[in-house]
Asks: 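Can you keep this structure in mind? I'll have questions shortly.
Computed from a predicted model, the values in this text were never measured in an experiment.
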Amino acid sequence: MSAQSVDIQFALVSHTNNGKTTLARTLVGMDVGEVRDAAHVTVFAEAHTLQASGAGDRLLLWDTPGFGDSVRLLKRLAQAGNPIGWFMREVFDRYRDRPFWLSQQALRAAKDAADVVLYLVNSSEDPRDAGYLPAEMRILEWLGKPVVVLLNQLGPPRPDEQEQAEQARWKAHLGQFTIVRDVLALDAFARCWVHEDVFYERVGKLIDESKRDGYARLLAAWQANNVQRFREAVALGAQMLAGAARDSQSIEQEGKANLFKSALKAVGLGKDEQKRQDAAMAGLVERLERRIGDTTVGLLRLHRLDPGDAGRINARVRENFAVRAPIDKAQAGLLGAVVSGAATGLSADLMAGGLTLGGGALLGAIVGALTMAGAAWGFNTTTDRDRPTVQFADPFLRTLLVGSVLRYLAVAHFGRGRGNFVEGEAPPFWQAEVERSIAAHEAELAPLWKAVRVAPDDAAAAAPVHALLGRVMAETLERLYPEAAARALARADM
């Protein structure tokens, strides 16, 4: 470590069972500590590296035990002339006086190491009902460290005006405590990197002047990592969309060699033209599902999440995805499974209504849903080298574009909170915001798909899709989080 490098440390404290370790996992980006729905799960303070810079600076997060009987603790501390000093010198039995022993571990980490104390509250409760809050604020005041209150357990993402109203309620209540220097929303489940960007920016203002240069280097490294990850996420989606737009399938002709025996068998191909066309469509759908599955796995790995959850992420997107096509509800459910990627692998248990079908029947049903909407909506039939072919039509590709942005949002909001556990982070209002963002670029879509189809190679095809998808994803984040996203995304040049 060079002479100019610094260690900057945050101490994460709260009343017991308010979600400290859960939030620590999200910030650190890996499973740390133990998470259970019980009091005093964390018994020792542990430091985890949040970020390092090329100059050797380190940003550390201390996950501490929760305060237990803080009202009784405050009364004991108030009797001492030097409250914190007395408390740190006392010897408490770990088992007979567990609440005081755990509180001592938390306060020792905050006093000895912290540049800033991060105090976590359960924002789902009314601040006036948090009887422990005044006592714990008074105890933290004796530490003499700046305190930032983090609002946790906010529930599923909501429209920005509702989010702001809840923050305002807590800010108004916490205004009575002079130790509180800022109040920020930072939930382990319902927040993504643009919120963390605001968090690091705001907390940085409370760092001691002697460490500001080191913190600036750490912040720059963190921001660069997130910008690069965002760009790579856009690239994954662009490759999938360009591949779908360029894909085509020849319709097998009578007397010709059977190039797609598995697809023909799956839909029970005979010799009539409609069945041959259906088989070609089934081949397209199957390849699309593989592309979507691979893309979801790539997004999860990019965000350091378990790729085994790809199917669950896609199912989450499907549950809140409405297909915009002239088809009935059952057909929309089938088609939604394709667009969201929830039919990945053409498995037997992904049909609406709990109906179990084999892979071949599923292929046929999906093709049927597309063709019932009108062949021009789902597929186009063209002639390539004197052979009739099918490919995905522009309106269907637009729907895939919507699904791609929703999939990114679901992964970006996944959180590390409980390891591989999936919270319900795909609220229906997301689709409306995605649709609005795409509507602003509606005139660009037809020329885009045309350019993609005639591009000389896959890289040239993906480039214009990357540019448009990046803008749509950035604009959607700005619609969802006007205050948080604009500054973070400016660095991504999207």
Asks: Can you confirm whether Val434 sits close enough to Leu401 that some side-chain heavy atom of one is under 4.5 Å from a side-chain heavy atom of the other?
Replies: no

Asks: Rounded at 0.5 Å granularity, tell me how far NE2 in His195 sits from OH in Tyr481.
Replies: 5.0 Å

Asks: To check you understand the geometry: which heavy-atom pair defines the closest contact between Ala55 and Ser5, and what is its length?
Replies: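 Looks like O-CB, 3.3 Å.
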
Asks: Side chains of Tyr200 and Asn226: does their closest heavy-atom pair fall under 4.5 Å?
Replies: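 When only atoms from C-beta onward are counted, Asn226 and Tyr200 do not touch, as no gap falls below 4.5 Å.
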
Asks: So, Asp197 side chain and Trp193 main chain: donor-acceptor pair closer than 3.5 Å or not?
Replies: no

Asks: What I want to find out is whether Arg229 reaches Glu232 closely enough, with some N-O distance under 4.0 Å, to be called a salt bridge.
Replies: no

Asks: Roughly how far apart are Arg291 CZ and Thr296 OG1, rounded to 0.5 Å?
Replies: 14.0 Å

Asks: Report yes or no: do Arg407 and Thr295 form a side-chain donor-acceptor pair below 3.5 Å?
Replies: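 Side-chain D/A pair, Arg407 to Thr295: absent.
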
Asks: In the structure I gave you, are the side-chain heavy atoms of Leu184 and Val148 within less than 4.5 Å of one another anywhere?
Replies: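 Heavy-atom side-chain distance check passes, below 4.5 Å.
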
Asks: Checking Arg246 side chain against Ala455 main chain: does a donor-acceptor pair fall under 3.5 Å?
Replies: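 Checked: pair present.
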
Asks: Roughly how far apart are Leu236 CG and Leu241 CG, rounded to 0.5 Å?
Replies: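 If we round to the nearest 0.5 Å, Leu236:CG and Leu241:CG are 11.0 Å apart.
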
Asks: Closest heavy-atom contact between Leu302 and Ala233?
Replies: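 In terms of heavy atoms, the two residues are closest at CD2-N, 3.4 Å.
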
Asks: A side-chain contact here means heavy atoms from C-beta on lying under 4.5 Å apart; do Phe199 and Leu150 qualify?
Replies: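 A side-chain contact exists here, since the closest heavy-atom pair is under 4.5 Å.
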
Asks: Should the pair Arg290-Glu286 be classified as a salt bridge under the 4.0 Å nitrogen-to-oxygen rule?
Replies: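 Salt bridge present between Arg290 and Glu286.
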
Asks: State which residues pass side chain to side chain donor-acceptor pair (under 3.5 Å) with Arg301; sequence neighbours excluded, sorted by chain then number.
Replies: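 Residues passing side chain to side chain donor-acceptor pair (under 3.5 Å) with Arg301: none at all.
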
Asks: Can you tell me if His466 uses its side chain to pair, donor with acceptor, with the backbone of Ala462 under 3.5 Å?
Replies: no

Asks: So, taking the atom named OG in Ser404 and the one named CG in Leu409, what distance separates them when rounded to the nearest 0.5 Å?
Replies: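 With rounding to 0.5 Å, OG (Ser404) is 11.0 Å from CG (Leu409).
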
Asks: Does the salt bridge (charged side-chain N to carboxylate O under 4.0 Å, His left out) test come out yes or no for Asp182 and Lys205, once each step is laid out?
Replies: CA-CA 10 Å; Asp182 208 343; Lys205 297 176 182 178; over 6 Å; no

Asks: Give the minimum heavy-atom separation between Ala242 and Val465, together with the two atoms involved.
Replies: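 Nearest pair, atom of Ala242 first, then Val465: CB-CG2, 4.2 Å.
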
Asks: Are Leu469 and Val405 close enough that some pair of their side-chain heavy atoms sits under 4.5 Å apart?
Replies: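 The answer is yes; the side chains approach within 4.5 Å.
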
Asks: In sequence, state the C-alpha distance, the side-chain angles, and the governing distance for Asp57 and Ile8, and then conclude on side chain to side chain contact (heavy atoms under 4.5 Å, CB included).
Replies: CA-CA 8 Å; Asp57 309 290; Ile8 297 171; over 6 Å; no

Asks: Does Val6 form a side chain to side chain contact (heavy atoms under 4.5 Å, CB included) with Tyr215? I'd like the steps, not just the answer.
Replies: CA-CA 8 Å; Val6 297; Tyr215 189 81; over 6 Å; no

Asks: For Gln223 and Glu201, does a side-chain donor sit closer than 3.5 Å to a side-chain acceptor?
Replies: yes

Asks: Find the distance between CD (Gln51) and CG (Leu60) and round it off to the nearest 0.5 Å.
Replies: 11.5 Å

Asks: Take Trp449 and Gln391 through the test side chain to side chain contact (heavy atoms under 4.5 Å, CB included) and record every step on the way to the result.
Replies: CA-CA 12 Å; Trp449 306 130; Gln391 62 184 179; over 6 Å; no

Asks: Measure the CZ-CG distance between Arg58 and Leu218 for me, rounded to the nearest 0.5 Å.
Replies: 10.5 Å

Asks: Could you tell me which residues satisfy side chain to side chain contact (heavy atoms under 4.5 Å, CB included) with Arg398, sequence neighbours excluded, listed by chain and number?
Replies: Val402, Glu435, Ile438, Glu442, Leu445

Asks: Relative to each other, are the rings of Phe230 and Tyr408 parallel, tilted or perpendicular (30° and 60° limits)?
Replies: perpendicular

Asks: How far apart are the C-alpha atoms of Leu59 and Trp222, what are their side-chain angles, what is the distance that settles it, and do they pass the side chain to side chain contact (heavy atoms under 4.5 Å, CB included) test?
Replies: CA-CA 10 Å; Leu59 179 59; Trp222 184 89; over 6 Å; no

Asks: Report yes if the side chains of Asp394 and Leu397 come closer than 4.5 Å at any heavy-atom pair, otherwise no.
Replies: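 Counting from C-beta outward, Asp394 and Leu397 do come under 4.5 Å.
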
Asks: Would you indicate whether the side-chain heavy atoms of Leu288 and Leu400 approach each other to under 4.5 Å?
Replies: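 Yes - at least one pair of side-chain heavy atoms lies under 4.5 Å apart.
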
Asks: Could you tell me whether the side chain of Leu284 reaches within less than 4.5 Å of the side chain of Phe396, counting heavy atoms only?
Replies: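 No. Closest side-chain heavy atoms not under 4.5 Å.
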
Asks: Might you point out which heavy atoms bring Trp170 and Asn122 nearest each other, and give the distance in Å?
Replies: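 Nearest heavy atoms, Trp170 then Asn122: CZ2-O, 3.6 Å.
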
Asks: Tell me the closest heavy-atom pair linking Val452 and Ala245, and the distance in Å.
Replies: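 For Val452 versus Ala245, the nearest heavy atoms are CG1-CB, 3.8 Å.
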
Asks: So which heavy atom on Thr476 is nearest to which on Ser437, and how close?
Replies: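 Of all heavy-atom pairs spanning Thr476 and Ser437, the closest is OG1-OG, 3.1 Å.
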
